[in-house]
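Below is one structure; the comments refer to it alone.
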There are 2 protein chains.
Amino acid sequence: MEEIDRRILTLLAEDGRMSFTDLGKATGLSTSAVHQRVKRLEGRGLIKSYAAVLDYDLVGLPLTAFISIRPIDPSQPDDSPERLRHLTEIESCWSVAGDESYILKVRVGSPADLEDLLARIRTAANVSTRTTIVLSTPYEGRPVG
Amino acid sequence: MEEIDRRILTLLAEDGRMSFTDLGKATGLSTSAVHQRVKRLEGRGLIKSYAAVLDYDLVGLPLTAFISIRPIDPSQPDDSPERLRHLTEIESCWSVAGDESYILKVRVGSPADLEDLLARIRTAANVSTRTTIVLSTPYEGRPVG
DNA sequence: ATCCGCCGGTCGATCTCTTCCACGGACCTG
DNA sequence: CAGGTCCGTGGAAGAGATCGACCGGCGGAT
C-alpha cells in the first residue's frame, strides 16, 4: 500500500512525465488506480509540482555560487528572504544554523554578473556576504527517498 | 526565435507537465511547432529531464543539511564524488573553491540518521566534514533564466 | 535574377493517454 | 446481516501527442 505510493514517488521524481499507463505497468496497478493515487499524492502535497530540469551551462548561466549572508545590524528584524525574493538569480534560500543566517544559491552568466548581484543583495537585505564559487557539479538534484 | 525557446524553457521549468497545446497558446505557435521546439531543446540537452518536486517533510525526510568535506590526506587522488555516489541520502555534490573541496546537500529523517550518514561519508571518502543544519527553507529550486 | 535546398512553420490524421463514471469486492461497525 | 468506506477494475469519451505531407521565406550558387 504505502509501499506502492513510495514507488510511484520515486518513479515520478526520476521521470516527471511518465504516463499513468507506464506507472501502472511499473507498479502492477491499473491505469485508473495509479491515476487516483497520483492525484491523492498531489492533493496531500507530497508532490508539490513538476518541473523541467535545465542545463544551466547551455542556457547561458554557467556560473553557480553559494552566498552566505549575515545581518549587519542584528537588531533589525530579519526578513531577508522577502527582501531578496525579487532577485531572480537566487534559485534557493535556506535558513541555517551557524555563524551565518542564510545560505543562497545563485546562477549567473559571468563573474561580472555575480559582482553586480552581490551588491544588490547587500543593499536589498543590509547584510554582509561570503561567497563560495562552484567549480563543477558532479551531480545535483538526485532523487532521494 | 531564440526568444520563444527561452519562453518555452521558462514555462516548462515552472510546470514540467504543461501540454504542447497550452505551450502553443502561451507562445503563439501551433501545437506541432512547439512540439518540434521542445524535442529539439531535449535533443540539444538544454532540457535534461523532467522531475516531480516532492515535499521532503511530508515524505519523511524533514532534516536537510549541507556537509562541506575536505580530504584528510591531500596527496590521495580526489575521487570523493564517485566514492560517495552510492549514498542515496546525498542529493547534490558540488566541487567548490575555498577551504573545503566539496559541498554536499543531504536529506535525512532525523539527527541520528545524520550522525550515521556523516560516519559513512567520512569512511567512504576519507575526509573530514563540517555540517550546517538547515532550519527552514524560505524557497528552493526557483526557476532562474 | 533564378533556382535550389534548408529551416521552420501550419494543417490534418491517427493513435495514445487522461479523465471520469459505474461497478464490485474487502473490511469495519452497529 | 445491512450499510458505509476505501480501493480497486473496466470502459467510454474526450484531449493531447506524434507523425507525415505540404508550404513559404531566405541565403547561396549558378
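The model shown is predicted, which means the values in this text are computed figures rather than measured ones. First the proteins, then the strands, lettered A, B, ... as listed; each starts at 1.
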Problem - Any donor-acceptor N or O pair under 3.5 Å, side chains B/Glu42, B/Tyr50 - result: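 Judged by distance alone, the side chains do pair up.
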Exercise for the section: Ignoring hydrogens and angles, state whether a donor on the side chain of A/Ser128 or A/Arg122 is under 3.5 Å from an acceptor on the partner side chain. Expected result: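 Not at all, the side chains of A/Ser128 and A/Arg122 share no donor-acceptor pair under 3.5 Å.
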Roughly, in whole Å, what's the span from [atom1] in [X] to [atom2] in [N]?
X	N	atom1	atom2	result
A/Phe20	C/dT18	CZ	P	6 Å
B/Gln36	D/dC22	CD	P	16 Å
A/Leu41	D/dC7	CG	P	12 Å
B/Ile8	C/dG9	CD1	C1'	13 Å
A/Glu3	D/dC7	CD	C1'	17 Å
A/Lys39	C/dC17	NZ	P	16 Å
B/Leu23	D/dA17	CG	C1'	12 Å
A/Arg44	D/dC6	CZ	P	11 Å

Problem - Closest to side chain of A/Ala33, choosing from C/dT18, D/dA17, D/dG8 - result: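 Closest of the options to the side chain of A/Ala33: D/dG8.
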Problem - Test side chain to side chain donor-acceptor pair (under 3.5 Å) applied to A/Arg70 and A/Ser101, step by step - result: CA-CA 5 Å; A/Arg70 94 171 64 188; A/Ser101 51; over 6 Å; no
Handout entry: Phosphate OP1/OP2 of C/dG9 contacted by B/Arg37 side-chain N/O (<4.0 Å)
Key =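 Result: yes.
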Handout entry: Presence of A/His35 side-chain N/O under 4.0 Å of C/dT19 phosphate oxygens OP1/OP2
Key =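 Answer is yes, contact under 4.0 Å.
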Problem - Pairing of B/Glu3 and B/Arg6 as salt bridge, 4.0 angstrom limit - result: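 No, no charged N to carboxylate O under 4.0 Å.
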Handout entry: Cationic N near anionic O, under 4.0 Å, A/Lys105 to A/Glu91
Key =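 Counted as a salt bridge, because a side-chain N and a carboxylate O are separated by less than 4.0 Å.
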Problem - Most 5' of B/Arg40 and A/Lys25 on DNA chain C, judged by nearest nucleotide - result: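 The residue whose closest nucleotide sits nearer the 5' end is B/Arg40.
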Exercise for the section: Identify, between A/Val34 and A/Arg17, the residue whose nearest nucleotide on DNA chain D lies closer to the 5' end. Expected result: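 Of the two residues, A/Val34 wins.
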Exercise for the section: Tell me what A/Ser32 touches on the nucleic acid: a base, only sugar-phosphate, or nothing, going by heavy atoms under 4.0 Å. Expected result: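 Contact class for A/Ser32: base.
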